[in-house]
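Convention: sequence-line order gives letters A, B, ...; per-chain numbering from 1. Computed over heavy atoms, backbone and side chain alike; hydrogens, waters and symmetry mates excluded. Being a predicted model, the structure only gives us computed values, none of them experimental.
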2 protein chains.
Amino acid sequence: MKLNKQNEILTFIQHKIENEGYSPSIREIAEKVNLKSTSSVQYHLDNLIKKGLLSKKPNQSRTLTSNKLISTFKSVPIVGEIAAGAPLLAEENKIGEISVPQDKFSENLFALKINGDSMIDAGIFHEDIVVIDKGVEPKNGDIGAFMINETEATVKYLDTIGNKRYLVPANKIYENQEITSNVQPIGKVVSLFRDI
Amino acid sequence: MKLNKQNEILTFIQHKIENEGYSPSIREIAEKVNLKSTSSVQYHLDNLIKKGLLSKKPNQSRTLTSNKLISTFKSVPIVGEIAAGAPLLAEENKIGEISVPQDKFSENLFALKINGDSMIDAGIFHEDIVVIDKGVEPKNGDIGAFMINETEATVKYLDTIGNKRYLVPANKIYENQEITSNVQPIGKVVSLFRDI
DNA sequence: CATATATTAGAACAAATGTTCGAAATAAAT
DNA sequence: ATTTATTTCGAACATTTGTTCTAATATATG
């Protein structure tokens, strides 16, 4: 099975939507990928739709949408220092915004700017931005964000040793911290961004 | 001047594009905002276009775009394995796409999926995605992408020791590799993405 | 080579859609 | 109240566009 045309068509549609803001018509696709007949394009579109890579509304023009398309982003707030007493996502804690693809977006996402090198062995560096899903409670072995004493947010591994639960840094020079009532889980770390 | 209908139309268009991924037709707008005639809608669209709030292509269906909604992201290709002989950014090397904010975008950007752990001490892990700027030549101390023997792309530190230049991994178990004629610099690594 | 499968082409059709014009209705201004 | 501007309507028209069917061509498969 020759996927060249199919891929060519798919990426053309995606780029058209990204750059122009709307889907191409079938004849525009035909011209772009050097097919003389609209039905040839239909043939490939049907296959792409069967594969779940595209969607369209029947009998409606320019309603092709790429299911994988990243064109729609939503922004999530970046939290820096936690102002004493203020709720985590209060305006005064916000130092910026980061955008995530809509297919990965949920209302529960926010981002945290890493301060320090306690997770360096996990590849999380000072000033990296980590995205946190408040809707997912970190489990053993996960990297999670935790609130300590309601004033400080920290990112650590969560692990159980014996029958106690610990915040475990990824850096030998720091020590495990037992999770007591002054530690509240915030959510699970799901992705990371770094400017180099 | 009564702005109710105009605003109603504008927000309907924006929502339709956000939720469905494509613009409504004029008749769909008419029905939604309770106008009986398509030309009534045209009347408002003309005003919205004059105000610069909307754009459209003449004689093309569903090409309304909200200028406020234009995607602030552009996609850059992700390159995986390099097919022997094929140019770096050839279609056959492409394994996906990643989006970067438009203010950081340039035509010189592309992304590379990291294979292996040779840069682990620089916080660059297996399967991370690094974005590379082909327009910036990596300097001493920079992390750069390099093409080896025109068949393999690698990400390493660039460093000068004595009067020789080396590709320097960030992992003790790998060794420096002297830069000779079979190593071509591709560009500088500028950012990094990771799914956790 | 013969057969099946995948791909492309061509044409014709029906429906969706944008465009235009004049007139009617409504609201605003004088 | 009269005039003016704004908004809506209706209908007709020209294109654009998606859909479908059949046949031709290329590509793979045994």
Side-chain angles (χ1 to χ4, degrees), chain A residues 1-67 69, chain B residues 1-67 69-70 83 91-92:
Chain A
M1 184 155 45
K2 191 166 130 198
L3 289 178
N4 297 348
K5 279 280 181 233
Q6 220 174 87
N7 275 328
E8 209 180 331
I9 288 174
L10 180 59
T11 61
F12 171 61
I13 293 169
Q14 292 173 333
H15 285 168
K16 178 89 177 181
I17 294 175
E18 268 187 58
N19 297 324
E20 309 285 335
Y22 50 86
S23 161
S25 70
I26 295 195
R27 280 166 181 84
E28 286 172 352
I29 298 171
E31 186 182 19
K32 183 71 179 186
V33 303
N34 294 312
L35 285 172
K36 310 291 181 305
S37 170
T38 56
S39 62
S40 304
V41 177
Q42 291 273 16
Y43 170 76
H44 291 294
L45 290 181
D46 286 345
N47 288 333
L48 285 165
I49 290 170
K50 274 179 200 150
K51 284 188 183 176
L53 296 171
L54 283 181
S55 301
K56 82 176 290 299
K57 292 280 193 299
N59 298 317
Q60 299 200 300
S61 59
R62 296 176 188 276
T63 56
L64 284 166
T65 50
S66 166
N67 295 335
L69 193 57
Chain B
M1 183 157 42
K2 190 166 133 198
L3 288 180
N4 297 349
K5 278 281 181 236
Q6 220 174 90
N7 275 327
E8 208 180 333
I9 288 174
L10 181 59
T11 62
F12 171 60
I13 292 170
Q14 291 173 334
H15 284 169
K16 179 90 177 181
I17 293 175
E18 273 187 52
N19 298 325
E20 307 284 335
Y22 50 85
S23 160
S25 70
I26 299 208
R27 281 167 182 83
E28 286 173 352
I29 298 171
E31 186 183 20
K32 184 70 180 187
V33 303
N34 294 312
L35 285 172
K36 309 294 183 301
S37 169
T38 56
S39 62
S40 304
V41 176
Q42 292 272 19
Y43 170 76
H44 291 294
L45 290 182
D46 286 346
N47 288 333
L48 285 164
I49 290 171
K50 274 178 199 150
K51 285 188 180 176
L53 296 171
L54 284 181
S55 300
K56 83 176 291 298
K57 292 280 190 300
N59 297 318
Q60 299 199 299
S61 61
R62 296 178 187 276
T63 57
L64 285 166
T65 51
S66 166
N67 293 337
L69 209 68
I70 281 186
E91 270 299 319
E92 53 260 52

Could you list all N or O pairs between the protein and nucleotides 15-18 of chain D that sit under 3.5 Å apart?
residue : atom : partner : partner atom : Å
D:dT17  : OP1  : A:R62   : NE           : 2.9
D:dT17  : OP1  : A:R62   : NH2          : 2.4
D:dG18  : OP1  : A:R62   : N            : 3.1
D:dG18  : OP2  : A:I26   : N            : 2.6
D:dG18  : O3'  : A:N59   : N            : 3.3
D:dG18  : N7   : A:R27   : NH1          : 2.9
D:dG18  : O6   : A:R27   : NH2          : 2.8

Given A:D46, A:L64, A:N47, the one that forms side-chain contact (heavy atoms from CB on, under 4.5 Å) with A:L54: A:L64
Rounding to a whole Å, what distance do you find between B:Y43:OH and C:dT20:P? 17 Å
If each end axis of the helix from C:dC1-D:dG30 to C:dT30-D:dA1 is fitted on five C1' pair positions, the angle between them, to 10 degrees, is 30°
Euclidean distance, atom CD1 of residue A:I29 to atom C1' of C:dT8 [Å, nearest integer]: 16 Å
Rounded to the nearest 0.5 Å, what separates atom NZ in A:K56 from atom CG in A:L45? 8.0 Å
Return no unless some side-chain N or O of B:H44 is found under 4.0 Å from OP1 or OP2 of D:dT6. no
Starting from P on D:dT7, measure out to CG on B:N34 and report it in whole angstrom. 17 Å
Return the value, rounded to whole Å, for the distance between atom CD1 of B:I13 and atom C1' of C:dT17. 15 Å
Spacing of A:T11 atom OG1 and A:K16 atom NZ [to the nearest 0.5 Å]: 13.5 Å
A:S37 meets the side-chain hydrogen bond (donor to acceptor under 3.5 Å, both in side chains) criterion, sequence neighbours left out, with A:S39
B:K36 has an atom NZ; how far is it from atom P of C:dA24, in whole Å? 19 Å
Below 3.5 Å, can you tabulate the donor-acceptor pairs from side chains in residues 27-36 of chain A to any protein atom, sequence neighbours excluded?
residue : atom : partner : partner atom : Å
A:E28   : OE1  : A:S25   : N            : 3.0
A:E28   : OE1  : A:R62   : NH1          : 3.1
A:E28   : OE2  : A:R62   : NH2          : 2.8
A:E28   : OE2  : B:Q60   : NE2          : 2.9

A:S61: side-chain hydrogen bond (donor to acceptor under 3.5 Å, both in side chains) partners, not counting sequence neighbours: B:S61
Measure distances between side-chain N and O atoms of B:S39 and base N and O atoms of D:dC9, and say whether any donor-acceptor pair falls under 3.5 Å. yes
Within this structure, what is the CG-to-C1' distance between A:L35 and C:dT7, rounded to whole angstrom? 9 Å
